[in-house]
Every structure is written in structure tokens, then in C-alpha cells.
**Q** 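Sending over a structure as C-alpha cells; questions will come in a sec.
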2 protein chains.
Amino acid sequence: MYRINFSDFFTSAFSVDCMLFGYSQGQIKALLIKRAMEPYNNFWAIPGDLVYPDEDLDEAANRILKDLTGLSDVGLHQAQSFGHPKRHPQGRVVTVSYFAMVRIEDFNAKASSWADEISWVPIHDIPVLAFDHNLIMATTIELLKQKLRVEPICFDMLPDRFTLSEFQQLYEYAFNQSLDKANFRKKIKHIPLLAHDEKQKMVKHRPAKLFSFAKEDYKTKVETIDYQFKM
Amino acid sequence: MYRINFSDFFTSAFSVDCMLFGYSQGQIKALLIKRAMEPYNNFWAIPGDLVYPDEDLDEAANRILKDLTGLSDVGLHQAQSFGHPKRHPQGRVVTVSYFAMVRIEDFNAKASSWADEISWVPIHDIPVLAFDHNLIMATTIELLKQKLRVEPICFDMLPDRFTLSEFQQLYEYAFNQSLDKANFRKKIKHIPLLAHDEKQKMVKHRPAKLFSFAKEDYKTKVETIDYQFKM
DNA sequence: TTTAATTATTGTATTTTCGACAATTATTTA
DNA sequence: TAAATAATTGTCGAAAATACAATAATTAAA
């Protein structure tokens, strides 16, 4: 085992990559930015930044999210860390990936202070990305899918009021398989949803009832009984 | 947004903390070491080390595991990263936690090159640890439990040949609830186990049959049919 | 040698969930 | 008013989960 000076270790930086997932037109999409500087100029990339010396990782992720979207108080999930010594051409940078789910419509206008161009890309059609971002993206999408199975996080992507079909289509897209309507509805019977009187408008067929996720009821349920969300 | 020099970021270090879980006497245990240097001299801690400048994170975790136990080729799982600016008194050190499962008996003798003292501590009785290791430990144990539900990783902790009751007791301890024997056996019917002719010895009651996990059959099953391990 | 104690193993019956599919309903557009 | 479209509800058999009972194999004590 070779010995190196203690101070020789303090020569790395770390960054946070902050993946945003949203849902529109029946597809789960990830927000990508087009880099406007070297290295990887003009490549699509996951939004991220170096972590400041006095920042905790979560803080950095929240900062990036805020810069990017104007949103705060969004549930952030830490995904994985990546640390290949050569992953960044300018030095040793270990990155920690986070992801969050947002309603794309909530802030479509903003997001300009960051990069020249941003784009919401369906997670099944991710292009070649800068750095090792394809690896990070793939890993994080897998984690997202895992969490979709055991936590009711999809409601952060859906509009506040959604139809049961929209809800179902989200899962169909995520797991790339079609589901039986009737059975889906039975399966979600245990999820506390609030049925509104309001109905879909402007559709050329029988309009669907609108629902929203009853977050508080859900929390109570989890605390009270030994309930585990499962899809 | 304040601007700092690019090079000012390259002043941090990374460490990897490598949690080992094993199973003995009906309890899941974590390996702790007693620190023999400042800071936190004499505190119990999770084994870990700084990551070398040319090492990937996984490599570092494997190195630590090897130093500690002599074992290589052990499945390592990345857990979470922790980066509070003040978590290490001697500088900014972000740590990535990993965990692995081992058979405690396999290497009891070794493990001396590391620290003065090591100890296998039941995960339900973790003492006060150095640094933020209690947070890391708690988070990682939760992740372990999550994985126990969806991956057949418990067999890395069980002896090569185990009884169904031992298997059951592992889950009972992990989730702190007792299970019905008959129903447990029905539930695990889908897990490919190899039944041996051999039986338990030296027990003062009807000896149980010994089983081992049929890893290859499991892999084939996963590849062939759309099978998801679930407990 | 027999019996009690202990734990392993298997079985049964009931309830709950899953999966495939059919039937009915509400709305828009032609 | 009918056709088209998708929403919603219902049925039935299969499979899985749950509670609990019965039987088997071994040791230790009587």
C-alpha cells in the first residue's frame, strides 16, 4: 500500500447533477440543457454545478433546482454518485446525482438564465450526452422506476387534477407495457384519491372525472396502519 | 450568485465508507471498528478510507473490503453520499457509503491489520459512532432492508447451507415481525433452492433439512421469464 | 422402552387479490 | 339521431395470502 501525503487528497471537487422529470403528452420526460462552453460545448447535458465549499449536497441540489426552475420546496431524491477518475477532463470531479419530479407546465417560461437552450426529452429517447451523463441518466431512470413502484411520487409530475387514464398511462410509459383499465382501477383502490365533481373538458368523447392525490390522507394512512404503497 | 475561482473548488477529499453486514445467532450484524487515532479516538466507526486520486469509487470500496476481510468478488452496493461541510473536522470530506453482505464465519480470524478492535454489532443495537456515522448507518440499514425485499441478497449472509427456519428468522429480524412458518414456505416457493440430503446435526429436536440458494437457476429464471423477486 | 418436549414439515379451508374480458354509460361529431 | 370514442363498472375463474390444524422426526427425561 503506497503512502501519500494527507494534503494530497484534498485536490478534488464535487458536483451535483440534478435531473428533472416531468410528464406531458403521455411521456415521462427529462430536462436537458445544451452546454454553451467547453468541454463538451454544444452537447446536451444534465443540469448540474460544482458544490460550493460551504454547501451541503442537498443544498447544492436545491440551489440548482431553484436557478433552473424557480421552484423550491420540491422533493429531491438522491440517486447515485459517480467518480471515475477520468470522468471530467479538467480534474477529479465526483458527482452526486439527484432527481426531482415537477409539473412541466408550472414554469415553462423561466429556465432561461441557465443555458441557451433547454429541452424536455422523453426518457426513452435520450440522445448522446456530455461527460458520462448517459450512464448517470440511465442509472437514475432505473432508480426513478424503482421508486415509482414503492412511493407515490408520480403525483408530483401529474397535473394537480388528473384523470385515472392519465395516471395509468404514466405507468404504462414508465414500464413500457400496457395495462388493463379495469384492473388498474382495482389496484389503485387503496391510494387515497379525492374525486372532484369537475370533469374533463374539450374532449370528443365521454369526459373523465378528475381526481387529485390526497396527500394528507396518504400520510395518515401510512402512519396509522402498516401500509406500503405498491404498484 | 457569488463567483469564486475554479481552482478554489479543488480542495476537497472523498472517502468511502464500507459497511459489512453478516448474520449470526438470529441477528443481522454490522461490522464496526474501534478508531485508534484522532479525531474520534476510541469511538466505534464504520470502516472507511479516503479515495486515492486515481481510484474509482467502487475500486476504493473493494480495496477497503479486501484490506478488512481478505475477501474480493463480493457484491458491493452503493448506498448514499453524505457531504455536510462540517462532517469531518479536518477538512471537506464527502463520503460515499457502500455495503456488502458476508458470511461472518468466512474470515473471523483476519481483519486484524486494520484497527485494534473490531466487533459485529446487531443492527438494532448500534452504539454512538464517530463523525456522522450514525446517520450513515441508519440510512444504509434502511436501504439494506429495501433491497432485501426485492433482491435475493440475503443468501450472501446465510451459511452456504441453511435451514428454512434460519432463512425465515433473518427476515423476521430485519423487519422485526414474526411470520407464519407455513405461509413463509409457500411464499418462497418461487425462489430456486437446492434441497440437500444432509440434515441439521446436534440439535435436540427434529433436524431440519439443509438448503442452498440456486444462484444459476435464479439468474436463468430472471432472464427467461419476467420474474421479480419479492418478499 | 416409553413418553414428553420441541421443532420441522405438510395440509386445509377461507379470504383477498389478480387477470382477462364483457357490459354499460356519457359525451361529441357527423 | 346514430356512430364513434373512451370512461366506468361488473363477472368469473385462477392465484396468492392468511389463519390455523395435523403430522413427522428427533432428543431427553421418566
Side-chain angles (χ1 to χ4, degrees), chain A residues 25-27 148-150 152 158-159 161-213 221 225-231, chain B residues 25-27 148-150 152 158-159 161-213 221 225-231:
Chain A
Q25 294 153 312
Q27 296 174 310
L148 282 173
R149 286 198 183 284
V150 295
L158 287 169
R161 298 183 169 203
F162 51 86
T163 70
L164 297 184
S165 289
E166 286 170 335
F167 181 13
Q168 177 177 341
Q169 281 152 26
L170 193 156
Y171 275 86
E172 291 184 327
Y173 184 78
F175 297 102
N176 197 30
Q177 63 175 87
S178 58
L179 304 170
D180 181 275
K181 258 186 199 183
N183 296 339
F184 182 83
R185 280 148 200 253
K186 274 178 234 159
K187 198 167 182 173
I188 64 168
K189 273 264 184 297
H190 59 274
I191 302 174
L193 296 180
L194 188 62
H196 296 277
D197 290 332
E198 194 188 351
K199 287 181 182 171
Q200 256 184 331
K201 296 220 166 83
M202 316 281 285
V203 287
K204 58 177 189 184
H205 52 73
R206 174 175 173 181
K209 214 186 290 184
L210 292 176
F211 293 83
S212 36
F213 177 52
K221 195 168 177 178
I225 60 173
D226 185 16
Y227 166 68
Q228 160 109 43
F229 181 94
K230 209 186 298 172
M231 288 294 286
Chain B
Q25 293 152 313
Q27 295 174 311
L148 281 174
R149 285 198 184 284
V150 295
L158 285 170
R161 297 182 171 205
F162 52 85
T163 69
L164 297 184
S165 290
E166 286 170 335
F167 181 14
Q168 177 176 342
Q169 280 152 26
L170 193 156
Y171 274 86
E172 291 185 327
Y173 184 78
F175 298 102
N176 197 30
Q177 61 173 18
S178 58
L179 304 168
D180 181 276
K181 257 186 198 181
N183 296 338
F184 182 83
R185 279 147 200 252
K186 273 178 231 160
K187 196 168 184 174
I188 64 169
K189 274 263 183 297
H190 60 274
I191 302 175
L193 296 180
L194 187 61
H196 297 278
D197 290 332
E198 193 188 351
K199 288 182 184 172
Q200 256 182 332
K201 298 225 165 81
M202 314 282 285
V203 287
K204 58 177 189 186
H205 52 75
R206 175 175 172 179
K209 214 185 290 182
L210 292 176
F211 293 83
S212 38
F213 177 51
K221 196 168 178 179
I225 60 173
D226 185 15
Y227 167 68
Q228 160 109 43
F229 180 94
K230 211 187 295 173
M231 289 294 285

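The sequence lines fix the lettering, A, B, ..., with proteins before strands; numbering per chain opens at 1. Only this structure's heavy atoms are used, side chains among them; waters, hydrogens and symmetry mates stay out.
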**Q** For a 4.0 angstrom threshold against heavy atoms of chain B, report the outermost contacting nucleotides of DNA chain C in 5' to 3' order.
**A**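 Boundary nucleotides touching chain B, in 5' to 3' order, are C/dT6 to C/dT12.
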**Q** Between atom NZ in B/Lys186 and atom P in D/dT18, what is the gap in whole Å?
**A**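 Atom NZ in B/Lys186 sits about 10 Å away from atom P in D/dT18.
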**Q** Quickly work out the A/Ile188 CD1 to D/dT9 P distance and round it to whole Å.
**A**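 So the CD1-P distance, A/Ile188 to D/dT9, works out to 11 Å.
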**Q** Considering residues at least two apart in sequence or located in another chain, which fulfil the side-chain hydrogen bond (donor to acceptor under 3.5 Å, both in side chains) criterion with B/His190?
**A**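 Residues passing side-chain hydrogen bond (donor to acceptor under 3.5 Å, both in side chains) with B/His190: B/Tyr227.
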**Q** Please list, chain by chain and in numerical order, all residues satisfying side-chain contact (heavy atoms from CB on, under 4.5 Å) with A/Gln177, sequence neighbours excluded.
**A**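 side-chain contact (heavy atoms from CB on, under 4.5 Å) list for A/Gln177, sorted by chain: A/Phe175, A/Leu179.
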**Q** What is the distance from NE2 of B/His190 to P of D/dA15, rounded to the nearest Å?
**A**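 For the pair B/His190 NE2 and D/dA15 P, the rounded distance is 16 Å.
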**Q** Need one value for B/Lys209: base, sugar-phosphate or nothing, where a base atom within 4.0 Å counts as base even if backbone is also close, heavy atoms only.
**A**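 Touches sugar-phosphate only.
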**Q** What is the distance, to the nearest angstrom, from the OH atom on B/Tyr227 to the C1' atom on D/dA15?
**A**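 Answer to the nearest Å: 15 Å.
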**Q** Can you give one letter per nucleotide of nucleotides 21-30 of chain D, going 5' to 3': B for a protein heavy atom under 4.0 Å from the base, S for sugar-phosphate only, - for none?
**A** ---BBBS---
**Q** Report the residues that fulfil side-chain hydrogen bond (donor to acceptor under 3.5 Å, both in side chains) with A/Arg149, sequence neighbours left out, ordered by chain and then residue number.
**A**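 Checked A/Arg149 against side-chain hydrogen bond (donor to acceptor under 3.5 Å, both in side chains); zero matches.
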**Q** Rounded to whole angstroms, how far apart are CG on B/Leu179 and C1' on D/dA17?
**A**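 Rounding to the nearest Å, CG of B/Leu179 and C1' of D/dA17 are 13 Å apart.
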**Q** Run the side-chain hydrogen bond (donor to acceptor under 3.5 Å, both in side chains) test against A/Gln168 and tell me which residues pass, sequence neighbours left out.
**A**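 A/Glu172.
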**Q** Expressed as a whole number of angstroms, how long is the span from A/Asn183:CG to D/dG13:P?
**A**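 In whole Å, D/dG13 P lies 16 Å from A/Asn183 CG.
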**Q** Can you list the residues that meet the salt bridge (Lys or Arg N to Asp or Glu O under 4.0 Å) rule with A/Arg185, with sequence neighbours excluded?
**A**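 Once residues adjacent in sequence are excluded, A/Arg185 has no partner under the salt bridge (Lys or Arg N to Asp or Glu O under 4.0 Å) criterion.
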**Q** Regarding B/Ser165, tell me which of base, sugar-phosphate or nothing describes its non-hydrogen contacts under 4.0 Å with the strands shown.
**A**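 Sugar-phosphate: the residue B/Ser165, judged by heavy atoms under 4.0 Å, touches backbone atoms but no base.
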**Q** If you count every heavy atom of other residues, nucleotides or ligands that lies below 6.0 Å from B/Lys187 atom NZ, does the total exceed 12?
**A**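 Counting neighbours around NZ of B/Lys187, 12 or fewer heavy atoms of other residues, nucleotides or ligands fall under 6.0 Å, so no.
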**Q** Listed by chain and number, what are the side-chain hydrogen bond (donor to acceptor under 3.5 Å, both in side chains) partners of A/Gln25, not counting sequence neighbours?
**A**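 Once residues adjacent in sequence are excluded, the partners of A/Gln25 under the side-chain hydrogen bond (donor to acceptor under 3.5 Å, both in side chains) criterion are A/Lys29.
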**Q** Rounded to the Å, how far apart are A/Leu210 CG and D/dA7 P?
**A**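 Atom-to-atom, A/Leu210 to D/dA7, this comes out as 12 Å.
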**Q** Report the residues that fulfil side-chain contact (heavy atoms from CB on, under 4.5 Å) with B/Val203, sequence neighbours left out, ordered by chain and then residue number.
**A**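 side-chain contact (heavy atoms from CB on, under 4.5 Å) list for B/Val203, sorted by chain: B/Gln200, B/His205, B/Pro207.
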**Q** Could you walk me through whether A/Phe211 and A/Leu158 pass side chain to side chain contact (heavy atoms under 4.5 Å, CB included), step by step?
**A** CA-CA 11 Å; A/Phe211 293 83; A/Leu158 287 169; over 6 Å; no
**Q** Separation of B/Lys189 atom NZ from D/dA17 atom P, in whole Å?
**A**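 The answer, rounded to whole Å, is 12 Å.
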**Q** More 5' along DNA chain C: A/Lys187 or B/Thr163, using each one's nearest nucleotide?
**A**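 Taking each residue's closest nucleotide, the earlier one in sequence belongs to B/Thr163.
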